[in-house]
Each structure stands twice: as C-alpha cells, then as structure tokens.
Amino acid sequence: MAHRFFNLISKYKLDDLLVQISDISSRMFEQNTAVEDIPVTVSKGFLSKNGNVTLTAWGLLKISYHAIVTTHDFVTMSPTFDNIIEICYEFNDYDNQVSGEVYKDNSIDERLLFDMFGLTQEQFWFQKLHLIKEMFNRDVELLEVIPSQIKTNINLNEIIQKTTDFDMVLYRKLLLAVYASKRINGCISISDHFEKYDERLNRDNISKTIKSLSANYHDYRQSPLRHKYFYAKPIVQTTANMFIAVNQYLLALKITDGVFWTIRDYFMQQDRKASQKFTNEFGKYFERYVENLLNHFLDPKQFIRVPEGKKKNEGRADWIIHTQKYQIIVEQKSRLLSITLKDVHMDIQKLSEYLEEHKEGFIQLDKTTCAYSKPNKTIIKLLLHYELLHMAENILKEKVMPMLSGQLKTYDNYFFIYIGDFEHLLQILHEDENIFNLIIEEKIGLEKPTTGEGKEFNQIIPKFYNKRNEYINEHLNHYSNYLFKC
C-alpha cells in the first residue's frame with residue numbers, strides 16, 4: 001500500500017508544486033537557514049495537538065523528485081504553502097520508514113557508518129554556504145591557473161569549448177549569470193542586465209547555458225541517480241517550457257564545480273583509460289596547488305617533497321614539513337566522492353572502494369614515517385583530501401584504522417584534513433608557531449576514546465585562532481575578480 005505522502009502529492013499540479021518548492025528553497029538560501037521548524041496544529045478526530053514540521057533544503061529536493069515521478073502538469077489543483085507543509089510532514093514520516101528498511105540486514109556498526117557518513121555528506125554542505133566562494137576560488141586556481149604553470153597532457157579549455165561552445169572563462173561567467181538571474185513565479189528570467197559587463201553575456205548565451213543545466217520530466221524519471229540527478233541538472237524544464245530552478249543551493253553549487261564536472265563528464269563518456277587520464281592530471285594539478293601553498297607560507301628549508309621509494313610500487317607520502325616541535329608527513333588524495341555517496345541511502349560498494357583508497361594512504365604515511373622519522377620530534381601524519389568530507393575523523397578514520405590492524409609499524413597520530421583546513425593551518429604556522437602547537441596538541445589529546453568533543457580541524461582551529469582562511473579568500477581572489485568582470 002502506497003504511503004499517504006504519494007497520495008497527497010498526486011493531488012497537485014506538478015509545475016505549480018515545483019514553483020512553490022523553488023520559492024521556499026530560495027528564501028531558505030537567502031536567509032541561510034537550511035533547516036526550519038514550522039509550527040502547526042495537527043488534528044485527529046476530536047483531538048488537536050500543537051507541534052512542528054521540519055523543512056530541510058535536502059528534504060525539499062527529494063520531494064521535488066518524488067513529485068516529478070508521481071504527478072504531472074495536467075492536474076488542476078495548485079498547492080498552497082500550507083499544503084506544502086502537509087506534504088513535508090508526510091514526507092518526513094515516509095523517509096524515516098525508508099531509512100529503517102534500507103540497511104535492515106546490516107550490522108548495527110555498519111548501519112551507523114552508512115547513516116552518519118551519508119547523512120553528513122548529504123546535509124552539511126547546505127548549511128555551509130560560506131564555502132561557495134572558497135570552493136570557487138580553488139576550482140579556478142586548479143583548472144585555469146595551474147595548468148598554465150605545468151606541463152599537462154590535456155587542453156581543458158578546448159574540452160569546455162567543445163562541450164559547451166564557450167571558452168572556460170566565459171562559461172564560468174555564464175554560470176554566474178544564471179545563478180544571479182531573477183526569478184518570476186519560480187522561473188528563471190533572462191534579461192539584458194549582464195551585457196553591460198560583457199557583451200557575450202547576452203540572452204542567447206544565457207538561454208543556452210540554462211538549457212545545458214536543465215532536464216525534462218522524462219529525464220528525471222529515467223535517471224538511476226533519482227533525486228541526485230538534480231546535482232547534474234538543477235533546472236527543471238516543464239511541459240510548458242518553463243525553466244524552474246527547484247533548488248537554489250544546487251544552482252549555487254554549479255558555479256563552484258560546474259566547469260570541473262563538465263570536464264569530468266566528457267572523459268567519463270569515453271573509455272576507462274580516458275577517464276583515468278583526467279584523474280591522473282587532476283592529481284598533478286592538486287600536487288602543484290599544495291606546492292604553491294607551501295611556498296606561499298613556509299621557508300623552503302621547512303619542507304621537502306618526499307622522493308619515490310627505490311623499490312617498485314613502494315608507495316610513499318608526498319611532503320614532509322618540519323617545525324621546531326613536529327615532523328608533519330602529508331599524503332595527498334585528490335579523488336572526489338561519487339555522487340551516490342552523498343546520500344543516506346548510499347552505494348555501499350563505492351564506499352568500500354573509497355575507504356580502500358584511504359587505507360592505502362595511511363600505509364604510505366606509515367612507510368614514510370619509518371623511512372624519515374626524527375627521534376626528537378613528534379610525528380604527525382596527515383591524509384590531505386580535496387573532497388570536503390564532513391566528520392572524517394569521527395566516521396571514516398574509525399572505520400579505516402581497524403582495517404589496518406597488523407599492517408602498520410606505527411598507529412598513532414593519523415589525521416584526516418580537508419584542503420581548506422590545511423590552508424588555514426599553514427597560515428597559522430606562518431603567523432604564530434605557538435598557536436599552531438596548541439592546535440596540534442589539542443588534536444592529539446582529542447584522540448582519547450573517552451573524548452566527546454569535536455575532533456575535526458575546523459572545530460579545533462576556532463578555539464585558538466579567530467582569523468579566517470586568508471589564502472583562499474584573499475590571496476586567491478578569483479571570485480571577486482569574476483564578479484567584477486561579469
């Protein structure tokens with residue numbers, strides 16, 4: 001028997017339903033409130049009870065998908081805001097039921113891993129909108145600036161031109177123009193406003209970009225990605241050829257990673273060898289990015305690139321940083337999460353593959369520790385990841401370390417660190433090594449099993465240091481430059 005949620009959404013006209021959801025998510029985005037509790041009165045028979053219905057930006061995304069699958073544009077009834085709240089109430093009940101069924105055959109520990117990792121990767125980004133500028137700046141540096149600094153086997157601009165008909169810089173401007181365009185009744189309104197900044201930001205080019213970011217109802221219904229297809233195509237084309245940006249959060253995400261995924265998809269559509277070629281090249285870009293970062297903050301005598309091992313397949317870490325008190329060994333990982341892992345109901349096989357790669361990273365850190373240890377210094381081992389992993393220390397490391405039992409020579413001071421936190425940490429080391437030491441001491445102390453405090457670097461740094469990450473916000477100021485140019 002179908003859940004009441006589906007019976008409810010089938011009553012309403014699809015495009016009107018999507019417009020209502022678009023308006024709500026846009027308001028939540030503007031107010032930076034990805035979670036809202038709406039007070040309601042629930043009546044059952046002669047009884048009524050006051051309570052709250054929780055609206056979430058990611059929940060509205062899933063409701064949009066289910067609406068596309070369940071109803072259509074030829075229903076006559078249009079939903080009110082109160083109807084949307086009722087839909088959210090029923091969806092929350094349905095989603096809780098589904099979550100309980102998905103992993104019922106897994107152990108409690110496995111269910112906790114899947115729930116927590118998938119939940120944080122699905123939900124936390126919606127609550128960290130300040131990262132949009134940082135992610136944009138990093139993407140421009142990696143895909144526009146660094147390829148011009150090193151020998152590369154791929155012409156990225158040529159690929160963007162081939163797939164979008166625009167060069168990379170113009171395509172990025174067009175993504176910003178779509179993101180900044182006004183909404184009229186939930187639909188994106190194309191105007192001449194942006195031509196005063198660049199004549200190529202005209203109606204035709206903006207319209208073409210909107211269409212490249214959109215899909216029709218049939219596409220969403222057929223996609224195996226289900227609601228995750230909105231990450232690729234955040235704009236819905238209705239039967240009346242209206243273009244509705246159902247979720248403003250995902251449209252914002254497109255300005256940070258739209259260029260990357262256009263390139264990535266180009267190679268994914270080819271054979272595995274071609275896909276691996278881009279993966280390898282992006283790894284090289286990330287290596288140069290970290291090298292530039294180290295050179296920006298540290299004296300050349302403070303760090304070295306670790307030479308490759310003499311034996312074949314003898315994996316080593318990438319960098320060693322020397323401070324007065326610590327020897328910090330760094331292994332870089334540039335692989336991005338599959339979109340199917342950014343969901344509570346994740347692809348378990350892909351999670352296993354992802355954990356296996358990080359397991360290899362810990363082994364490389366261990367081998368480098370044995371080859372380069374300094375007797376008078378505490379060794380810190382950092383697995384530096386480009387992907388924004390939420391709660392990596394509390395979730396991923398707790399899973400990876402038991403997998404390494406008996407395979408390492410050393411088992412202490414292994415830490416995950418996001419590239420944004422690594423930038424911040426080097427800034428602190430450059431400014432005040434005493435504060436840097438306090439942060440590392442706190443980090444080591446929080447490894448005790450009885451500790452209930454947050455273990456992530458982004459939770460520890462604000463305790464001791466109140467400046468923001470100036471490297472990504474000011475030194476790499478691509479976001480402001482692009483806004484000025486477009």
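Values below: all heavy atoms of this structure, side chains included; hydrogens, waters and symmetry mates excluded.
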Residue list, salt bridge (Lys or Arg N to Asp or Glu O under 4.0 Å) with [X], at least two apart or on another chain:
{"X": "Lys381", "value": "Asp412"}
{"X": "Lys208", "value": "Asp165"}
{"X": "Glu356", "value": "Lys359"}
{"X": "Asp73", "value": "none"}

Non-hydrogen side-chain atoms of [X] and [Y] separated by less than 4.5 Å:
{"X": "Met135", "Y": "Ile255", "answer": "no"}
{"X": "Tyr354", "Y": "Leu389", "answer": "yes"}
{"X": "Leu213", "Y": "Leu175", "answer": "yes"}
{"X": "His66", "Y": "Phe6", "answer": "yes"}
{"X": "Val140", "Y": "Tyr479", "answer": "no"}
{"X": "Leu60", "Y": "Thr56", "answer": "no"}
{"X": "Ile235", "Y": "Ile244", "answer": "no"}
{"X": "Leu336", "Y": "Trp261", "answer": "yes"}

Is it true that a side-chain atom of [X] and a backbone atom of [Y] form a donor plus acceptor pair closer than 3.5 Å?
{"X": "Thr256", "Y": "Leu253", "value": "yes"}
{"X": "Ser25", "Y": "Ser22", "value": "yes"}
{"X": "Ser212", "Y": "Thr209", "value": "yes"}
{"X": "Thr164", "Y": "Ile160", "value": "yes"}
{"X": "Asn96", "Y": "Asn92", "value": "yes"}
{"X": "Thr238", "Y": "Met242", "value": "yes"}
{"X": "Arg226", "Y": "Tyr65", "value": "no"}
{"X": "Thr279", "Y": "Ser275", "value": "yes"}

Margin query: Within the supplied structure, the quantity of interest is the number of heavy atoms (other residues, nucleotides, ligands) at a distance under 6.0 Å from Met268 CE; does it exceed 12?
Written below: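 No, not enclosed.
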Check whether the ring centres of [X] and [Y] lie less than 6.0 Å apart, and answer yes or no.
{"X": "Tyr266", "Y": "Phe278", "result": "no"}
{"X": "His478", "Y": "Phe136", "result": "no"}
{"X": "His358", "Y": "Phe416", "result": "yes"}
{"X": "Phe282", "Y": "Phe260", "result": "yes"}
{"X": "Phe230", "Y": "Tyr220", "result": "yes"}

Selection [range] - residue pairs positive for salt bridge (charged side-chain N to carboxylate O under 4.0 Å, His left out), sequence neighbours left out:
{"range": "residues 134-147", "result": "Arg138-Glu423, Asp139-Arg172, Glu144-Arg172"}
{"range": "residues 12-32", "result": "Lys13-Asp15, Arg27-Glu36"}
{"range": "residues 74-88", "result": "Arg4-Glu86"}
{"range": "residues 116-127", "result": "Lys62-Glu122"}

For [Y], is there an ion pair with [X] - N to carboxylate O distance below 4.0 angstrom?
{"X": "Glu195", "Y": "Arg203", "result": "no"}
{"X": "Glu287", "Y": "Lys284", "result": "no"}
{"X": "Glu442", "Y": "Lys463", "result": "yes"}

Item checked: side chain to side chain donor-acceptor pair (under 3.5 Å) between Gln237 and Asn241, worked out -> CA-CA 6 Å; Gln237 182 179 6; Asn241 283 324; 2.7 Å; yes
Holding to side-chain hydrogen bond (donor to acceptor under 3.5 Å, both in side chains), I want the full list of residues that pass it with [X], two or more places apart in sequence or in another chain.
{"X": "Ser10", "result": "none"}
{"X": "Gln248", "result": "Arg183"}
{"X": "Tyr12", "result": "Asn83"}

Classify the side-chain pair [X]/[Y] by whether it contains a donor and acceptor separated by less than 3.5 Å.
{"X": "Asn477", "Y": "Ser480", "value": "yes"}
{"X": "His130", "Y": "Asn32", "value": "no"}
{"X": "Gln269", "Y": "Asp265", "value": "no"}

Checklist line | Partner residues of Tyr414 under the ring pair (Phe, Tyr, Trp, His ring centres under 6.0 Å) criterion, sequence neighbours left out | finding: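 Tyr414 satisfies ring pair (Phe, Tyr, Trp, His ring centres under 6.0 Å) with Phe362 only.
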Checklist line | Parallel, tilted or perpendicular: rings of Phe91 and Tyr94 (30°, 60°) | finding: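 Aromatic pair Tyr94/Phe91 classed tilted.
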Note to self: Pair Ile84, Leu17 - check side chain to side chain contact (heavy atoms under 4.5 Å, CB included), show working.
What the structure shows: CA-CA 8 Å; Ile84 298 295; Leu17 185 57; 3.3 Å; yes
Next item on the list: For residues Leu142 and Ile146, report the shortest heavy-atom separation together with the two atoms involved.
Entry: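 Residues Leu142 and Ile146, closest heavy atoms: O-CB, 4.1 Å.
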Next item on the list: Mind listing the closest non-hydrogen atom pair of Ser181 and Ser189 along with its distance?
Entry: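 Result for this residue pair: CB-O, 3.7 Å.
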Next item on the list: Measure from NZ or CZ of Lys333 to the centre of the six-membered ring of Tyr386, then state whether that distance is under 6.0 Å and the direction lies within 45° of the axis.
Entry: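 No cation-pi geometry.
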